[in-house]
Amino acid sequence: MIKTRLKTLIDHCFTQGVEAGFWSVAAAGAYSLDEPKHAGQGDLATNLAMVVAGKDQKNPRTIAAQLVEMLAPHTDLLDKVEIAGPGFVNCYINKSVWQSVLPEVCGQDASFGLSKIGQDKKVLVEFVSANPTGPLSVGHGRQAVLGDAIASLLSATGHQVTREYYYNDAGRQMRVLGESTRARYLEALGLPFIFPEDGYQGQYIRDIAQSLIEERGDSLKDEPDVMVFKAKAEQVIFADINGTLHRLGIVFDNYYNEHSLYENGLVDDVVASLREKGLAYDQDGAVWFKGTECGLPQDRVIIKSTGEPTYRLPDMAYHREKFKRGFDWMVDIFGSDHIATVPDVLAGVKALGYDPTKVTVVLHQFVTLLRDGQQVKMSTRKANFVTVDELLDEVGADVARFFFLMRKADSQLEFDLDLATKTSQENPVYYVQYAHARLHSIRRQAEAKGVILGNLEDAPLARLTLDDETHLLKAMAAFPALVEGAALDLAPHRLVFFLQDVAGQFHSYYNKHRIVSEDAELSRARLWLAMGIRVVLRNGLALIGVSAPESM
RNA sequence: GCGCCCGUAGCUCAGUCGGAUAGAGCACCGGCCUUCUAAGCCGUAGGUCACAGGUUCGAAUCCUGUCGGGCGCACCA
């Protein structure tokens with residue numbers, strides 16, 4: 001907020017400099033204003049002089065001097081402006097300006113950090129999208145939390161967000177699921193059975209078979225149609241998945257069934273459209289998509305010689321429906337094993353006449369589970385995987401969500417169960433939550449001692465003069481821009497790091513300085529500061545879906 | 001062989017548009033509870049940013065190559 005204020009002023013000075021003939025317009029938009037890494041380099045620094053000097057072949061320090069002269073009169077905002085190093089212009093913001101952040105933070109309260117930069121753009125966030133063949137694994141868990149946090153961030157920044165789960169209950173996988181269930185059913189009845197070669201081996205299939213026996217006895221032992229088994233398994237597993245998502249605090253707005261694309265003729269329609277454009281052809285009894293015409297290295301089969309479509313075709317149809325449903329931006333969250341499918345689908349979207357740049361794919365790397373220092377191998381088919389439910393039993397939703405968001409999507413995530421299950425001080429989740437609880441406690445204590453917050457308007461905020469206090473005020477001021485950046489870049493991990501940083505600053509401040517003291521005026525000022533930090537921590541935690549306890 | 005991701009402290013990882021002296025947590029070692037929550041704080045130590053070139057005022061960041069790890073490369077999804 002303050003940064004944008006200063007940036008506007010610098011932009012103004014830049015234009016002024018152009019008009020005065022100091023430099024050309026070449027550097028417009030190329031320079032930046034940043035927080036310096038080291039103390040003694042001001043609150044904010046711009047590289048304008050070096051960028052201008054580079055473009056115009058001039059001496060950066062001369063440019064910097066001209067800029068300083070233009071900035072210096074603005075004493076309402078700036079205390080001091082100086083030239084440093086190779087030509088940085090370091091700006092020292094007036095302390096009263098930082099103090100003025102607090103009324104905004106506390107005044108806006110729960111809405112502090114929200115913005116409208118999304119301009120009500122309709123965004124579809126597709127995530128999880130696991131077919132109902134088994135419980136959600138830890139990898140799905142990461143994706144679920146990542147997608148949900150991204151959706152929250154987009155909502156917070158003024159986008160109209162739809163959370164969607166895409167699934168297919170009609171394919172080969174589901175048939176195998178039905179056959180696996182039937183085999184377990186027969187097995188449990190002591191009858192001869194053939195377990196499918198690539199069947200699902202988890203205990204949950206046995207449980208489903210058992211409940212079928214309880215409901216229907218052995219009446220299905222000669223049932224020729226696998227559908228009964230499939231339907232039962234699907235129903236149970238979907239309920240299980242939804243239960244898991246619910247425990248994680250995730251609610252989808254919509255479930256999109258791949259099968260509906262076939263029923264409505266939308267898949268056939270895609271083939272027809274592609275043929276019309278000369279981008280589909282027949283060969284070897286299959287229908288091919290002319291990928292080579294669309295920037296792909298090779299053509300791809302979209303309908304097999306058996307008449308069944310490959311995954312590419314319904315994916316194209318699905319994405320076309322997303323466009324037709326009027327979304328301005330489509331965010332797909334996929335595991336990195338889907339890398340290969342992305343270019344195909346995007347090429348398809350383009351071939352169908354839609355703008356593929358409106359689709360952003362977030363690929364997240366795998367989750368490695370560590371237990372007792374050993375990697376846990378995971379596979380849905382073989383039964384030795386850890387489910388999200390098991391994880392939640394051990395660590396709870398707050399820890400799971402926080403841990404899943406601690407890494408950027410691009411990085412592989414090592415989930416150390418031994419660490420996460422310990423509810424001890426090593427756990428960063430508690431560190432942040434503890435700061436929030438502490439702030440509440442302080443307020444309670446203050447009330448008990450008769451220290452009244454009073455009106456924000458006449459709070460003696462000018463008493464907040466310590467460097468530690470200014471740092472905290474700066475962090476608060478940075479929050480809205482951080483949320484915007486994290487949202488637009490689809491990078492919720494930045495929020496997690498920010499929260500740890502703010503919590504750390506507060507813990508440190510708390511240990512060094514008394515908030516409630518004999519000085520009633522100072523106590524009031526510091527109490528307002530504490531309330532501001534509380535607002536930021538609570539709002540930040542809310543965005544990543546982690547609770548902000550009032551006591552621990 | 002080809003494509004994508006990763007390689008930063010002992011370990012796990014941040015580092016946004018290329019900025020100044022490289023950041024945190026954990027682990028290790030040493031301190032701090034009679035006062036607002038010790039699930040906390042303070043301090044010490046820890047680095048050839050995988051390697052080699054290139055681009056420029058300036059590179060962990062951009063480009064090329066090499067090495068190492070992961071994931072893909074079906075008429076599976």
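Numbered from 1 within each chain, the chains take letters A, B, ... in sequence-line order.
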Distance check: side-chain N/O of A:K408 vs OP1/OP2 of B:rC5, anything under 4.0 Å?
no
Please classify the nucleic acid contact of A:A30 as base, sugar-phosphate, or nothing, using heavy-atom distances under 4.0 Å.
nothing
Please determine if a side-chain N or O atom of A:H38 lies less than 4.0 Å away from the OP1 or OP2 oxygen of B:rG23.
yes
With respect to the side chain of A:M552, which nucleotide from B:rC75, B:rA20, B:rA39 is positioned closest?
B:rA39
Nearest whole Å is fine: how far is B:rU12 C1' from A:F402 CZ?
14 Å
Classify the nucleic acid contact of A:T310 as base, sugar-phosphate or nothing, counting any heavy atom under 4.0 Å across all strands shown.
sugar-phosphate
Between CD1 on residue A:I533 and CG on residue A:L472, distance to nearest 0.5 Å:
4.5 Å
Would you mind classifying the nucleic acid contact of A:H364 as base, sugar-phosphate or nothing, using non-hydrogen atoms under 4.0 angstrom?
nothing
Nearest of B:rU37, B:rC13, B:rC17 to any side-chain atom of A:S32?
B:rC17
Side-chain N or O of A:S336 less than 4.0 angstrom from OP1 or OP2 on B:rC71?
no
Categorize A:A491 for me: base, sugar-phosphate, or nothing, with a 4.0 angstrom heavy-atom threshold over every strand shown.
nothing
Side-chain donor-acceptor pair present, A:Y92, A:E82, cut-off under 3.5 Å
yes
For the side chain of A:R514, starting at C-beta, report the closest nucleotide among B:rG19, B:rA77, B:rC36.
B:rC36
Using a cut-off of 4.0 Å on non-hydrogen atoms, how would the nucleic acid contact of A:A45 be classed: base, sugar-phosphate, or nothing?
base
What contact category does A:D501 fall into here, base, sugar-phosphate, or nothing, at under 4.0 angstrom with non-hydrogen atoms?
nothing
Looking only at B:rG23, B:rG72, B:rC75, the nucleotide nearest the A:K37 side chain is B:rG23
Starting from P on B:rA77, measure out to OH on A:Y167 and report it in whole angstrom.
18 Å
Under 5.5 Å between ring centres and under 30° between planes: true for A:Y431 and the base of B:rA39?
no
Can you tell me the distance, in whole Å, between the CG atom of A:L482 and the P atom of B:rC17?
14 Å
Give A:D410 one of three labels, base, sugar-phosphate or nothing, depending on what nucleic acid heavy atoms sit under 4.0 Å from its own.
sugar-phosphate
Which one is paired to B:rA45, where only Watson-Crick or G-U wobble pairs with both distances under 3.5 angstrom count?
none
Look at all strands and tell whether A:S517 reaches a base, only sugar-phosphate, or nothing, counting heavy atoms closer than 4.0 Å.
nothing
